[in-house]
Amino acid sequence: MTKSDYERNSITLPGAVAMGTGVMIGAGIFALTGQIAELAGPFFPLSFVVGAIVTAFSAYTYIKMSNAYPSAGGIGMILKKAYGPTTVAAGAALLMALSMVINESLVARTFGTYTLRAFGGDPDSVLVPILGVGLIVLAWLVNVSGSRSVGLFSIVMAVLKVGGIALFGAAGLWASGISFEASAGDSSASGFVASLALSILAFKGFTTITNSGAEVTDPHRNVGRAIVLAIAICVVVYLLVAFAVGSSLPLDRIVAAKDYALAEAAQPALGQTGFYLTVALALVATASGLIASVFAVSRMLAMLTDMKMIPHSHFGMPGTIKDHTLVYTVVIAGFLTVFFDLSRIASLGAFFYLVMDIIIHFGVFRHLREEIGARGWVLLTAIALDAVVLSAFAAMKWQSDPLIVVLGAIGMALVFLFVGVFLAHNPVREGAHDHH
């Protein structure tokens, strides 16, 4: 990109950590806790722990690559260095971008659901997607103001929601006498392993930091530090909240209220005031999470465009490529928010992300591990863990909702076909636009 397109050193280490936690906590706690409980049964708090371990193996690859080659195109840069300007690299990068956009629609619908709960509305109401699209428009307006505004906003929101959610968890545990009401219920090994796909999805926001690498201060050191700190903070927050929810509600009620589990758990533990405070926290968390995610994915798409790995059209719009990809991001997220429910959005995001993750680890293992000093056994372990989780999740979804498995497979095939046709007609010269 040109120098004017990105603001180097515009995101501090705290800002980068806030951006990562902003995306993770927005989706991980409010949108996915109930869905994870539905699959993992009474062991759903443990799913967050194991999910964090799997994520740690995955994060190793991103940290090593980001420390060596910090880039505003993060994932795209890693894939291009591993595979060259090929269909595999472009397709996997586009899968990552789409998984982030899918996550935005997940967070937007969660915002709508919690907003309606505050007023006693029906969570299945048409107002849910309308409110979600409204939040997406707000995220676009904040991002248009520039990355410094996003970084400052992310820090303020992260402090508010991490502190508030931790307080909710502690208060919920104290009010319930630290008893675990969700201990009764069905569970299976396959269901638990399948739940890890959603737990991993709850942590994947750390890649937001990778995709903003060129704008982080002292990126060769701080990108990796920010990733580690963001994951560590989220593990603590997720566990605290999972136990608080499990202490307030039996498993069947958590599953029944899976789209708004925290609000449902707050009322018996903390009363009506606690319920409204939890809803307020949900709105803060989802809003900041969406803003941070839109910021990162628009920059990733801009970098892929600059690398000539995906097509681009201005559609008559003024401004830079980054401005255009920002519009594309919010339009696609808005479409998904309107036409998909929370469960299917989460499933689609998990499929796209895990497949992309496996492709990245394999490429780095085959072509870059010696160059960046990565340990091969860690990369192979990350591949194996992702493959096991993906297989279990796909098998579970095939039994309960085969349509989303089919849609996921067709969607991924179309992505690779799309970029394959584009690159066949517009081959990229090796080494061109290789940003790092």
Which heavy-atom pair separates [X] from [Y] by the least distance, and what is that distance?
X      : Y      : value
Leu201 : Ala346 : CD2-O, 3.4 Å
Val415 : Gly91  : CG1-O, 3.5 Å
Leu135 : Ala108 : CD2-CA, 4.4 Å
Ala90  : Val419 : CB-CB, 4.0 Å
Ser58  : Asp357 : OG-OD2, 2.7 Å
Ala59  : Ile227 : CB-CG2, 4.1 Å

Just wondering, do [Y] and [X] contact through their side chains at under 4.5 Å, heavy atoms?
X      : Y      : result
Val330 : Val137 : no
Phe57  : Ile53  : yes
Val235 : Phe48  : no
Val405 : Phe351 : yes
Ser99  : Met356 : no
Val193 : Phe393 : no

Original post:
What about the rings of Phe192 and Phe44, do their centers lie closer together than 6.0 Å?
Top reply: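 So the answer is no for these two rings.
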Subject >> Trace of the side-chain contact (heavy atoms from CB on, under 4.5 Å) decision for Ser190 with Met396 >> reply: CA-CA 8 Å; Ser190 59; Met396 183 70 70; 4.0 Å; yes
Out of curiosity, [X] [atom1] to [Y] [atom2], how far, rounded to the nearest 0.5 Å?
X      : Y      : atom1 : atom2 : value
Phe352 : Leu94  : CZ    : CG    : 9.0 Å
Arg225 : Ile63  : CZ    : CD1   : 12.0 Å
Thr329 : Ile136 : OG1   : CD1   : 10.5 Å
Met65  : Lys81  : CE    : NZ    : 6.5 Å
Ser199 : Leu32  : OG    : CG    : 8.0 Å
Gln35  : Ile345 : CD    : CD1   : 9.5 Å

**OP:** Show your reasoning for whether side-chain contact (heavy atoms from CB on, under 4.5 Å) applies to Phe340 and Ile102.
**Re:** CA-CA 10 Å; Phe340 285 80; Ile102 290 166; over 6 Å; no
**OP:** Please name all residues satisfying ring-ring contact (aromatic ring centres under 6.0 Å, His included) with Tyr353, sequence neighbours left out, ordered by chain then number.
**Re:**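 Tyr353 satisfies ring-ring contact (aromatic ring centres under 6.0 Å, His included) with no other residue.
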Original post:
Is the backbone N or O of Leu283 less than 3.5 Å from a side-chain atom of Thr286, with the two atoms forming a donor-acceptor pair by type?
Top reply: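 A pair under 3.5 Å: yes.
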Subject >> Exam field: side chain Tyr83 to backbone Ile359, donor-acceptor pair closer than 3.5 Å >> reply: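 The answer is yes, because a donor-acceptor pair under 3.5 Å joins these two groups.
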**OP:** Mark yes or no: Arg117 above the aromatic ring of Tyr114, with NZ or CZ under 6.0 Å from the six-membered ring centre and no more than 45 degrees from the axis.
**Re:**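 Not satisfied by the 6.0 Å and 45° rule.
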Original post:
How would you list, by chain and number, every residue that makes a side chain to side chain donor-acceptor pair (under 3.5 Å) with Ser195, sequence neighbours excluded?
Top reply: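 Counting only residues at least two positions away or on another chain, Ser195 forms a side chain to side chain donor-acceptor pair (under 3.5 Å) with Ser47.
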Original post:
Which residues pass the side chain to side chain donor-acceptor pair (under 3.5 Å) test with Arg109, sequence neighbours left out?
Top reply: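 Checked Arg109 against side chain to side chain donor-acceptor pair (under 3.5 Å); zero matches.
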Original post:
Run the side-chain contact (heavy atoms from CB on, under 4.5 Å) check on Leu277 and Leu281 step by step: do they pass?
Top reply: CA-CA 6 Å; Leu277 287 174; Leu281 275 174; 5.8 Å; no
Original post:
Stepwise, does the side-chain contact (heavy atoms from CB on, under 4.5 Å) test hold for Tyr60 with Arg375?
Top reply: CA-CA 9 Å; Tyr60 176 82; Arg375 298 181 183 274; 3.6 Å; yes
Original post:
Parallel under 30°, tilted from 30 to 60°, perpendicular over 60°: which one fits the rings of Phe206 and Tyr62?
Top reply: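 Correct class here is perpendicular.
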